[in-house]
Amino acid sequence: MGKGDRLTLTVLEGETALMQSFHHCKNNSSSTLLSKKSSMLQKQSWLDAYQQLYRRHPGKSIEQKMETIISQLDKANHHKNSSFTILSELFKDEFFIQLISRIVENRLAEMFPAYPSVNRNQFLSYVVEKAPHATWFYTGKIDLEFKGWSKYNQQQSIPIIHDAYLAEIFLKFLRLHGFSSQQTRTLVSKLSDFFLKEVDSTFALFNNEHHLINEDHPIVPSFYVRYQIHYMIGYKTTKQTALDHIKKLEGELKEKLPFVSWGGKLFHHSSRIKLLGHDLIINSKRNAKLYLNKQTLRGLVKRYGNFDNYTFFHRTALANKTELDIIRIYNKELKILANKYYMVANFDQLEKVCYFARSSCINTIALKRQTTSKRVITMLKDNKHNKIGISYLYEGKKHWCYLMTFKDMRNIQRKVRSY
C-alpha cells in the first residue's frame, strides 16, 4: 500500500463514523440538537466568523461575496449532481477555508463552554502572577501525531457538531485534498484546541482557584495553564513528588488521547525558564519577570537585517508598493511587536528591532527610488516634524504619515499595561 492509499484509508475510516452520524440526524428529525438550518446557510454565521477573524465589520463587497457563497452552498445542498463541482471551486478559495474553519470552531465552542481558552498574553500574565508561589515548574509543548489527530477529529469532534451539512462539507474537503494538503492541515488544526480541553479538564481551570481533588489525584498542582500546545504546571512539592505526578498524568492522558504526547522539562524556581520566546526569571524576593532573550531578539531582527554583523536589508517584495504603504507596513509590524512583548522587563531591547526596521524601510524606499539611503533620509526628513515621513491627500485634505520610533512603541506598551 502506497502513501496515498494510507491517506485515503484514514479518510474513509473517519467517513464511516460521520455517515452514521448523518443517518442518525436524518432518522431523528425531532432531535433538539439538530439545527433546523445549517450554519453554513445562515448569513449571520458568516458575519460573526468574519468579524472574529478580521476584527472589523465586512464591507459591502465582502457581504456580497458571502451571499454568493451561501447561494452556491444552498444549490450544492439541493442539487447533488453539481455539488462536487461547486465545492471543488470553493475549496480553492482561502477566504472560504478561513471562514468555514471559524464556523466549525464556533459550533464546537457551544459544546465546550465550561473550558475557556486563553490567549498568549493571558497565558503569560497568569504565569507571572502564579509562578512566585511555586517551587517546581513543568513546561513544554503538547505534541500531536497528525494522522491519529485527524482521525479523532473525524470520528469524535465532527459528529458532535450536530450540523449534518457542515460536517458533510468538512468530510468532502478531506476526501478531495487528503491529509498531505496544507489547506487540510490548516482546517483540521482549528479543531485541536477543543479536544485538548480533555487535558485542561484534568486540572483546575486557569481562572478557577478550586482544584480536582480525589483518590486518583492526591497531589494537586499549585497552578496549570495552557496556550494552544504550550503549557506550564506549577508545584509546591518536592522534585520527586512532582515527577511522580507528571508520570501519572501522562499515563492517564495517553489513554484518553493516544496520539498526544508531552514534550516537557522540569525546572526549579531558581532556573531561567524559556517560555514562548521569553526567559522567565524568579528573583530572590520571589518576584517573577519575563525577559526577551537574545535568540528571540535575533529572530525579530531577521526580517530587517543581520543582527550579528549589523547589516540592513531592503525588501524587494515591497518595492512595487507606494511609499505610504511601505511606511504603513513597517509601522504595523512594529505595533504588533509592541503589543506582543509589552510585558517584558527589558522592553528597551526592542529599540534595536526598531532601529533595524527603520534602516530596512529606508533601504526599501531607496530601492524603489533607485537612489541612496542618505538621499532618502534627507528627502523624507524635510518637514516641520523633523521625522521620516510622507505627506498624502485623503478626501481632499493633506495628511502626514511618519515612520514609528521607539518612543511610539514605548507609548503603546504603557497603554496596554494600563488596561
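The basis for the numbers below is simple: all heavy atoms, side chains too, and nothing from hydrogens, waters or symmetry mates. If you read the sequence from its start, that first residue is 1, and numbering goes on from there.
Heavy atoms only, all atoms of each residue included: L90 and F96 are closest at O-CD2, 3.4 Å. Considering all non-hydrogen atoms of both residues, A319 and L367 come closest at CB-CD2, 3.9 Å. Contact detail for I282 and A288: the closest heavy-atom pair is CG1-CB, 4.1 Å. Residues S222 and A134 come closest through the heavy atom pair OG-CB, 3.7 Å. Contact record, G277 with N293: O-ND2, 3.6 Å, taken as the closest heavy-atom pair.
L275 is linked by a side-chain contact (heavy atoms from CB on, under 4.5 Å) to F123, L124, V127, T139, M232, counting only residues two or more places apart in sequence or in another chain. N119 is linked by a side-chain contact (heavy atoms from CB on, under 4.5 Å) to N121, Q122, counting only residues two or more places apart in sequence or in another chain. Contacts of R286 classified as side chain to side chain donor-acceptor pair (under 3.5 Å), with partners at least two apart in sequence or in another chain: none.
Enclosure of atom NZ in K65 by more than 12 non-hydrogen atoms of other residues, nucleotides or ligands within 6.0 angstrom is indicated. With a 6.0 Å radius and a threshold of 12 heavy atoms from other residues, nucleotides or ligands, H399 has its NE2 atom above the threshold. Within a 6.0 Å sphere centred on CZ of R120, heavy atoms belonging to other residues, nucleotides or ligands number more than 12. Within a 6.0 Å sphere centred on NZ of K43, heavy atoms belonging to other residues, nucleotides or ligands number more than 12.
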Let me check something: any side-chain donor-acceptor pairs from residues 335-346 under 3.5 Å, sequence neighbours excluded? List them with distances.
unit_1, atom_1, unit_2, atom_2, d
N339, ND2, K335, O, 2.9
N346, OD1, L292, N, 2.8
N346, ND2, L292, O, 3.0

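Going from atom CD of Q413 over to atom OG of S418 covers 10.5 Å, rounded to the nearest 0.5 Å. Atom CG of L290 sits about 9.5 Å away from atom CD1 of I281, to the nearest 0.5 Å. Remark: F347 CZ to Y291 OH distance equals 15.0 Å, nearest 0.5 Å. Interatomic distance, S45 OG to M66 CE, rounded to the nearest 0.5 Å: 10.5 Å. Q72 contributes atom CD, which lies 11.5 Å from atom OG1 of T85 (distance to the nearest 0.5 angstrom). Taking CE from M40 and CG from L73, the interatomic distance works out to 5.0 Å, rounded to the nearest 0.5 Å.
Side-chain atoms of N283 come within 3.5 Å of backbone atoms of N287 as a donor-acceptor pair (strictly under, hydrogens ignored). Distance alone, capped at 3.5 Å, is enough to place a donor-acceptor pair between the S271 side chain and the H268 backbone. A donor-acceptor distance shorter than 3.5 angstrom exists from the side chain of T364 to the backbone of S360, with no hydrogens or angles considered. Formation of a donor-acceptor pair under 3.5 Å by the R226 side chain with backbone atoms of Q228 is found in this model. Side-chain atoms of T371 never come within 3.5 Å of backbone atoms of A366 as a donor-acceptor pair (strictly under, hydrogens ignored). Proximity of a side-chain donor or acceptor of H245 to a complementary backbone N or O of L243 within less than 3.5 Å is not detected. Judged purely by atom type and a 3.5 angstrom limit, H278 has no side-chain atom pairing as donor or acceptor with the backbone of K274. Checking side-chain atoms of D408 against main-chain N and O of T405 turns up a donor-acceptor pair under 3.5 Å.
A donor and an acceptor atom, one from each side chain of R298 and Q295, are nowhere located under 3.5 Å apart. Side chain to side chain, N363 and S373 meet the donor-acceptor criterion of an N or O pair below 3.5 Å.
Sorted by first and then second residue, the side-chain hydrogen bond (donor to acceptor under 3.5 Å, both in side chains) pairs with a member in residues 388-398 read R328-Y392; sequence neighbours excluded. Pairs engaging residues 313-337 under the ring pair (Phe, Tyr, Trp, His ring centres under 6.0 Å) rule: Y304-Y330 [sequence neighbours left out].
Between D48 and R102 there is no salt bridge, since none of the side-chain N atoms of the basic residue sits less than 4.0 Å from a carboxylate O of the acidic one. Salt bridge E333/R303: present, at least one basic N to carboxylate O contact under 4.0 Å. Using a 4.0 Å cut-off between a side-chain N of Lys or Arg and a carboxylate O of Asp or Glu, K368 and E323 do not qualify as a salt bridge. Using a 4.0 Å cut-off between charged side-chain N and carboxylate O, K332 and D325 make no salt bridge.
No option in Y126, F223, W262 other than W262 meets the ring pair (Phe, Tyr, Trp, His ring centres under 6.0 Å) test with Y231.
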Legend entry - Candidate pair I327 and Y402, rule side-chain contact (heavy atoms from CB on, under 4.5 Å), full reasoning: CA-CA 7 Å; I327 291 174; Y402 69 92; over 6 Å; no

Inset, instruction - Applying side-chain contact (heavy atoms from CB on, under 4.5 Å), run through H230 and Y227 and close with a yes or a no. - result: CA-CA 5 Å; H230 305 272; Y227 163 64; 4.2 Å; yes

Inset, instruction - Assess whether side-chain contact (heavy atoms from CB on, under 4.5 Å) is satisfied between S38 and N77, documenting all intermediate values. - result: CA-CA 10 Å; S38 171; N77 189 33; over 6 Å; no

Legend entry - Criterion side-chain contact (heavy atoms from CB on, under 4.5 Å) on Y54 and Q98, from CA distance to verdict: CA-CA 11 Å; Y54 301 105; Q98 288 180 341; 2.5 Å; yes

Inset, instruction - Before giving the answer on ring pair (Phe, Tyr, Trp, His ring centres under 6.0 Å), spell out for F312 and Y355 the whole-Å C-alpha distance, their side-chain angles and the decisive distance to 0.1 Å. - result: CA-CA 10 Å; F312 313 107; Y355 179 73; 5.6 Å; yes

Inset, instruction - Please lay out, stage by stage, how D279 and K294 fare under the test salt bridge (Lys or Arg N to Asp or Glu O under 4.0 Å). - result: CA-CA 10 Å; D279 285 343; K294 196 168 184 178; over 6 Å; no

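Looking at L403 and K387, their side chains never come closer than 4.5 Å, going by heavy atoms from C-beta outward. Between Y50 and F95, the closest side-chain pair of non-hydrogen atoms falls below 4.5 Å. Using a 4.5 Å cut-off on side-chain heavy atoms (C-beta onward), E63 and T68 make no contact. In this structure, I326 and T322 have side chains that are not in contact, with every pair of non-hydrogen atoms separated by 4.5 Å or more. For the pair F307 and K352, the minimum side-chain heavy-atom distance is below 4.5 Å. F356 is not listed as a side-chain neighbour of N306, based on a closest heavy-atom distance of 4.5 Å or more. Residues F406 and R410 meet the side-chain proximity criterion, which asks for heavy atoms closer than 4.5 Å.
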